[in-house]
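Structure first, commentary second.
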Amino acid sequence: MSGSTALQPLRLTLPDGSVRELPPGSTGRALAESIGSGLARAALAVKVDGQLRDLDRPLESDAAVAIVTERDPEALDLLRHSSAHMLATAVRELFPGARIGFGPSIEDGFYYDFEVPRPFTPEDLEAIEKKMAEVAERDYPFTRDVVDRADANRRFADDPLKLERIAELGDDETITVYTDGPFQDLCRGPHVPRTGRLKHYKLLNAAGAYWRGDERRQMLQRIYGTAWFKKDELDAYLHRLEEAKKRDHRRLGRELDLFMFHPFAPGAPFYTDRGTTMVRVINDYVRELNQRAGYQEIKTPLLYNKGLWEISGHWGKYREHMFLVLDSETGEHDFSLKPMNCPSHHLYFGTRKHSYRELPTGYATFDVLHRNEVSGALGGLTRVRQFQQDDCHVYLMSSQIATEVRRITDMILELYATFGLTATLKFATRPEQRIGEDAMWDRAEADLRAALEATGKPYELKPGDGAFYGPKIDFDVSDSIGRKWQLGTIQLDYAAADRFDLTYVGEDNTEHRPVIIHRAMAGSFERFMAILIEHFAGAFPLWLAPEQVRVIPISDGQTDAARRLAERLRGAGVRVHVDDRNETLNYRIRDGEVWKIPYMAVVGQREADADTLALRVRGAGRKQEIFPAGEFIARVAEENRTRALVP
RNA sequence: GCUGACGUAGCUCAAUUGGCAGAGCAGCUGAUUUGUAAUCAGCAGGUUAGGGGUUCGAUUCCCCUCGUCAGCUCCA
């Protein structure tokens with residue numbers, strides 16, 4: 001405690017630098033009231049020397065303080081954590097025997113785990129939500145009590161999970177209990193002042209969750225919810241969920257006929273003709289980038305004897321994720337489908353001698369990989385068992401790292417920009433568990449960082465998050481609705497060359513170990529497809545669209561003209577179809593919009609006579625434009641060539 | 001893998017307490033020849049995911065298998 005005596009006033013410094021004096025033991029609320037009654041009404045908590053505290057907790061010493069209201073970023077956390085308590089309060093009233101686990105605030109909401117005899121049903125959730133409204137109505141204060149261990153154990157005698165947590169608390173830790181009405185919870189706090197402050201929330205779903213995420217422990221029933229300060233924020237969030245559902249790649253993949261799954265091949269997609277076209281277009285683009293970088297594209301075997309996996313270390317650490325294959329001659333499962341490309345590339349590199357003159361040497365491969373994910377981990381194209389990566393391994397001398405990393409970074413950012421994706425960079429440095437000398441890490445991190453700085457892009461530092469064999473740069477991409485995906489990665493590897501005994505002959509005519517860079521840009525094509533589908537909501541830019549132009553003759557009289565136009569477009573490398581079905585023009589226009597075709601070229605008698613077309617741009621409605629056929633073909637070809645994002 | 005929910009025509013969904021499996025869209029056939037988001041009529045479409053059980057009778061109730069979906073420590 002500070003040396004202040006009971007008679008000396010507290011000196012509280014506000015964010016604007018002004019100082020207020022209040023009697024010792026005054027609460028945050030008293031401070032807020034002394035500033036203004038409006039602020040006192042808005043106050044949710046108080047920040048004392050940077051730490052959040054309950055509004056009604058006495059201030060003990062001079063400090064820098066700030067009143068926290070809805071407008072502070074931390075306030076949402078507070079709101080959601082308190083909402084979790086209110087949820088538990090309601091559950092306890094409806095299910096008196098329910099034992100409680102943890103109930104934190106999370107991104108966009110909160111959850112609470114309960115140990116109950118049976119899982120919650122959707123009807124339960126409705127009832128619980130109603131009960132929560134009652135609890136809010138009763139406007140209980142959240143009160144904080146400091147208790148000793150014995151008291152805590154007594155209070156939670158019926159809640160073994162809480163007792164377990166209490167037992168873990170150190171003797172020097174303050175144990176606090178928060179109470180709102182009939183409910184009390186072991187909790188560090190802080191909370192909003194009263195349940196009445198919780199107004200705009202919704203329970204979303206319930207699902208099982210292992211106690212502490214440990215599959216060996218009992219399964220609890222978790223209820224997820226979301227909470228916001230304003231009704232329109234809650235509505236906007238729920239609307240966002242709806243929108244995200246609408247652009248769910250699984251739904252669009254079916255509606256736009258891009259890919260499918262069959263029960264006989266769980267976790268392995270079938271691509272339709274349209275989906276295959278997209279994969280090919282993306283492939284071609286990555287190929288072009290690889291070629292420009294001077295990387296070689298190679299194809300390597302899919303199936304290997306375990307000898308390879310023993311060298312790579314997969315056999316020991318990764319075997320459960322590999323699809324083992326029975327060798328009928330030996331009767332043993334001595335073969336495995338490859339889960340990664342690196343061992344193949346290392347093997348290939350090692351089959352011949354390399355001069356320092358040929359470094360850096362890059363191998364790129366689009367081969368199919370298999371990883372045996374547990375069934376519960378599968379979902380759509382983002383979590384699959386079979387996939388392809390835009391994988392590349394570059395073998396180089398350590399003196400070449402900075403230049404090469406810079407080159408790769410530019411390449412990756414260019415790729416993202418082409419799809420209208422923006423990336424943030426993360427620089428991950430040496431982890432606790434690692435191989436190699438500190439000097440090596442110093443050098444590697446310095447090189448990576450220099451390369452990173454050279455891009456001029458801001459980056460986030462993630463100390464200790466590197467791979468055990470080297471530091472890395474991760475690329476997080478934000479899509480059009482703000483979701484983040486980790487896509488690209490550049491990893492320095494100082495271990496593989498040793499394991500595979502890879503060498504190059506240096507200028508000094510002796511053998512040296514190369515450094516290896518693992519590079520992925522799009523990551524897996526499957527996941528990248530999913531991200532693109534959701535990013536564009538299925539309305540792909542022309543160059544990526546499976547069907548780029550649909551030619552629509554108005555009536556039978558123009559069918560031949562339409563076909564001739566399509567033929568000319570096809571000649572210019574355009575993916576085009578003629579919709580001469582026996583349907584009304586309106587029907588076919590609508591169909592084109594539903595299928596999100598970038599351009600519809602309508603050909604009536606006027607257009608047929610003049611060798612023109614009436615262009616309808618996707619989403620632009622009736623706003624159409626008459627184009628001479630030649631001009632239109634040139635325009636489409638140009639968009640294709642430049643990979644234009646918008647028409 | 002575990003917990004829960006779900007699985008009905010190609011797609012989206014119906015089908016009282018267990019009582020003859022339906023509709024819209026898509027498909028096919030015909031009529032219609034269309035000027036910018038659904039023309040009309042007819043036809044066809046199913047071992048209700050698969051298997052077993054209870055029952056006079058199962059889409060419905062029970063069990064098993066397969067698959068799909070949600071979730072499985074962003075730190076009391």
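All figures in this text were calculated on a predicted structure; none of them were measured in a lab. Just so it is clear: chains get the letters A, B, ... in the order the sequence lines come, proteins before strands, and each one is counted from 1.
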Partners of A:Arg622 by side-chain contact (heavy atoms from CB on, under 4.5 Å), sequence neighbours excluded?
none

Searching all strands shown, indicate the nucleotide that pairs with B:A49 (Watson-Crick or G-U wobble; both distances under 3.5 Å).
B:U65

Both A:Pro119 and A:Trp211 contact RNA chain B. Taking the nearest nucleotide for each, which residue is further toward the 5' end?
A:Pro119

For nucleotides 35-46 of chain B, 5' to 3', base contacts (B), sugar-phosphate-only contacts (S) and non-contacts (-) with protein non-hydrogen atoms under 4.0 Å give BBBBB-------

Between B:C72 and A:Arg216, is there an OP1 or OP2 to side-chain N/O distance shorter than 4.0 Å?
no

Strictly by Watson-Crick or wobble contacts shorter than 3.5 Å, is anything paired with B:A44, and which nucleotide is it?
none

Using purine N1 to pyrimidine N3 plus N6-O4 or O6-N4 for Watson-Crick, or N1-O2 and O6-N3 for G-U wobble, both under 3.5 Å, which nucleotide pairs with B:C74?
none

Paired nucleotide for B:G10 [Watson-Crick or G-U wobble; both distances under 3.5 Å]:
B:C25

Pick the P atom in B:U29 and in B:G19, then give their distance to the nearest Å.
39 Å

Between protein and nucleotides 74-76 of chain B, what N or O pairs are separated by less than 3.5 Å?
residue: B:A76; atom: OP2; partner: A:Arg188; partner atom: NH2; Å: 2.2
residue: B:A76; atom: O4'; partner: A:Arg165; partner atom: NE; Å: 3.2
residue: B:A76; atom: O3'; partner: A:Lys162; partner atom: NZ; Å: 3.2
residue: B:A76; atom: O2'; partner: A:Lys162; partner atom: NZ; Å: 3.2
residue: B:A76; atom: O2'; partner: A:Leu186; partner atom: O; Å: 2.4
residue: B:A76; atom: N7; partner: A:Arg188; partner atom: N; Å: 3.4
residue: B:A76; atom: N6; partner: A:Thr174; partner atom: O; Å: 3.3

Taking the nucleotide of RNA chain B with the nearest heavy atom to each, does A:Ala265 or A:Arg254 sit closer to the 5' end?
A:Arg254

Enter the distance from A:His314:NE2 to A:Arg319:CZ here, rounded to the nearest 0.5 Å.
13.0 Å

So which atom in A:Phe259 and which in A:Arg250 form the shortest heavy-atom distance, rounded to 0.1 Å?
CZ-CA, 4.2 Å

